[in-house]
Amino acid sequence: MQDPEKLREIEALGQEEGEDQDDDFWEEPKREPGWNGAPLLQAVICALALAALLVIKFTDTGRYEAIAGWYKEEMAQEIELPYLERPTPLPEPTPQPSPTPLPVGLDSAPLEMV
């Protein structure tokens with residue numbers, strides 16, 4: 001990556017002293033302060049869901065099996081791919097090459113010469 005100071009110098013070559021140099025372009029955008037805890041909130045929700053599933057698995061096996069069956073059905077519908085019986089056709093057998101006939105007039109010539 002090139003040095004931002006050199007890039008500013010190159011950009012300023014065609015400008016006069018009084019023109020605006022637009023230094024805001026080279027500065028990083030400033031982030032506004034605020035609560036950016038979305039990843040933390042997602043992690044907490046996932047941990048709670050996992051804990052609930054583990055409790056259900058060890059206390060009520062029938063309900064856990066019902067939830068697992070529902071989940072598997074939903075995932076099968078979500079990522080259902082077409083099934084092809086034979087995606088690629090079988091290759092056709094290649095015919096054997098036919099023997100090359102000898103040229104006319106060379107019937108009496110030895111095979112080594114042909």
Side-chain angles (χ1 to χ4, degrees):
M1 184 106 209
Q2 295 180 353
D3 183 32
E5 188 61 36
K6 289 182 181 179
L7 291 174
R8 280 191 210 121
E9 290 175 12
I10 293 171
E11 188 177 75
L13 285 177
Q15 296 179 353
E16 294 184 18
E17 288 294 319
E19 291 185 25
D20 183 40
Q21 299 228 349
D22 194 21
D23 287 332
D24 294 336
F25 178 76
W26 300 105
E27 294 177 9
E28 291 187 20
K30 296 176 182 157
R31 296 182 181 178
E32 295 182 21
W35 189 75
N36 293 325
L40 178 63
L41 181 63
Q42 289 175 345
V44 168
I45 290 172
C46 288
L48 289 174
L50 178 63
L53 282 174
L54 289 174
V55 167
I56 291 173
K57 181 176 184 177
F58 293 115
T59 59
D60 192 0
T61 308
R63 181 179 283 178
Y64 178 79
E65 292 298 327
I67 292 172
W70 168 81
Y71 179 77
K72 288 177 184 176
E73 286 176 15
E74 289 297 318
M75 292 287 46
Q77 291 177 2
E78 186 68 27
I79 16 178
E80 185 175 334
L81 298 175
Y83 176 75
L84 302 175
E85 287 183 21
R86 183 98 182 130
T88 57
L90 289 173
E92 295 181 13
T94 57
Q96 295 295 327
S98 58
T100 308
L102 292 174
V104 178
L106 295 178
D107 292 334
S108 61
L111 288 176
E112 294 83 27
M113 295 181 67
V114 175

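Reckoned from all heavy atoms, side chains included, excluding hydrogens, waters and symmetry mates. Please read these numbers as outputs of a predicted model, since none were measured by experiment.
Note that the CG atom of Leu40 and the CD1 atom of Ile45 stand 10.0 Å from one another [nearest 0.5 Å]. Atoms CD1 and NZ, on Ile67 and Lys72 in that order, are 12.5 Å from each other to the nearest 0.5 Å.
Cluster membership for Trp70 and Ile56, using ILVMFWY side-chain heavy atoms within less than 4.5 angstrom, is not shared.
Residues Tyr64 and Leu53 share a closest heavy-atom pair of CD1-O, 4.0 Å.
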